[in-house]
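Shown next, in structure tokens, is the structure this report addresses.
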Amino acid sequence: MNMEMINKIISAVMCGIYISIGATAYIILGNNVAGALFFAAGILLVSAYYNMLLTRVFALYAFKDSGYKPSDVLIAFCGNFIGCIAYAAVISVTRVGNAVQKETIERIVDLRLNDSYLSIFILAVLCGFLVASACLTSKVFENRGVALALTVVFIATFVICVPEHIVADMFYFAYYSINIGLKVEFIPIIIIVTLGNLTGGMGMSYLERYRAAK
């Protein structure tokens, strides 16, 4: 295993942790608007430090200057999942973990378990579209302040309206599994959300590349 691969794995694991931190803030705050704004902190941490977030890979894959390869999709998926599981395990034995109400995490997970696969897929596509829009702000707007503000707005919007983000779901399911119990029904949902995020993220990315080339 070369150093580039090791760096990508570390980056992917850290991104899983970052999104899990944002998701924890969302759960604890209990207010959709405030929680959505603080969830954006996870995405901003990704933008500032490590970039192997699965939905970011989907969003920027179409652009050659992103440097992403097909193999990065698998690395990001596995690394993000490991980061989410590790964070969920560690936070569960702290007072912060105690602040996460069992009823709240059950409600979040039950919404997904009781939804149809078609609904989950559509929400995941729309989420991927909005995440891609957030990731592409720096390419569309030269003013860094404007790009940053719009990133927060786009992320907060998807959390409130179409909250099927695969890495956030990884954390919710990991935390639920550790503290309440593992469910086999999580597997198809993870697959469907991943495919939906991929469709929305890459679709938006290629649309933007086409628009920019005109």
Side-chain angles (χ1 to χ4, degrees), residues 14-50 53-56 58-59 80-81 83-115 119-120 122-135 137 147-180 183 186 189-190 192-194 196-197 200-201:
M14 290 302 300
C15 287
I17 293 172
Y18 289 155
I19 298 303
S20 297
I21 292 172
T24 302
Y26 174 74
I27 295 171
I28 291 175
L29 284 169
N31 178 287
N32 273 351
V33 176
L37 289 173
F38 279 94
F39 181 93
I43 300 294
L44 295 178
L45 284 168
V46 169
S47 300
Y49 297 104
Y50 291 99
L53 179 67
L54 185 59
T55 48
R56 189 175 190 275
F58 291 159
N80 291 172
F81 212 162
C84 290
I85 294 171
Y87 177 84
V90 170
I91 205 68
S92 293
V93 298
T94 69
R95 66 175 183 273
V96 174
N98 293 333
V100 177
Q101 298 295 319
K102 181 180 178 181
E103 294 78 12
T104 304
I105 194 68
E106 284 182 326
R107 176 180 57 80
I108 290 172
V109 171
D110 286 345
L111 279 173
R112 288 152 174 78
L113 292 176
N114 296 322
D115 201 1
S119 173
I120 291 171
I122 291 172
L123 291 174
V125 171
L126 295 173
C127 175
F129 188 90
L130 277 171
V131 172
S133 299
C135 292
T137 54
L148 182 61
L150 288 175
T151 296
V152 173
V153 170
F154 291 153
I155 297 303
T157 301
F158 95 68
V159 174
I160 294 171
C161 300
V162 284
E164 288 301 340
H165 185 279
I166 181 55
V167 184
D169 282 2
M170 287 176 179
F171 168 70
Y172 297 141
F173 292 157
Y175 191 91
Y176 185 100
S177 298
I178 292 168
N179 294 279
I180 300 173
K183 291 182 179 290
F186 292 159
I189 294 175
I190 287 173
I192 291 167
V193 175
T194 301
N197 285 173

Which label fits Tyr176 and Phe186: parallel for a plane angle under 30°, tilted from 30 to 60°, or perpendicular past 60°?
perpendicular
Report the residue from Phe171, Tyr175, Phe38 that forms a side chain to side chain contact (heavy atoms under 4.5 Å, CB included) with Thr24.
Phe171
Closest non-hydrogen atoms of Ala59 and Ala132, given as atom of the first, atom of the second and distance, are CB-CA, 3.5 Å
Among Asn114, Asp110, Ile108, Asp115, whose side chain to side chain contact (heavy atoms under 4.5 Å, CB included) with Arg112 holds?
Ile108
Leu130 and its side chain to side chain contact (heavy atoms under 4.5 Å, CB included) partner, picked from Ile155, Val162, Val153:
Val162
Minimal heavy-atom distance between Cys127 and Phe158, with the atoms involved, is SG-CD1, 3.4 Å
Closest heavy-atom pair, Ile91 versus Thr94, reported as atoms and distance to 0.1 Å, is O-OG1, 2.8 Å
Between the CD1 atom in Ile178 and the CD1 atom in Ile85, the distance rounded to the nearest 0.5 Å is 7.5 Å
Taking atom types as modelled, find out whether Ser92 and Asn179 have a side-chain donor-acceptor pair closer than 3.5 angstrom.
yes
So Ile105 and Tyr172, do their side chains get closer than 4.5 Å, heavy atoms only?
yes
One should read off an interatomic distance between Ile19 CD1 and Ile43 CD1, to the nearest 0.5 angstrom, of 3.5 Å
Could you pull out the closest heavy-atom pair between Tyr87 and Ser20, with the gap in Å?
CD2-CB, 3.3 Å
Are there over 12 heavy-atom neighbours, none belonging to Phe173, within less than 6.0 Å of that residue's CZ?
yes
Counting N and O atoms only, with roles assigned by atom type, does the side chain of Asn80 sit under 3.5 Å from a partner on the main chain of Val167, one being a donor and the other an acceptor?
no
Return the orientation label for the Tyr50 and Tyr18 ring planes: parallel under 30°, perpendicular over 60°, tilted otherwise.
tilted
Using only atom types and a distance under 3.5 Å, with no angle test, would you say the side chain of Asn197 pairs donor to acceptor with the backbone of Glu164?
yes
Grab the two heavy atoms, one from Thr55 and one from His165, that are nearest each other, plus how far apart they are.
OG1-NE2, 2.9 Å
Please examine the side chains of Tyr26 and Thr104, heavy atoms only from C-beta on, and report whether any two atoms are closer than 4.5 Å.
no
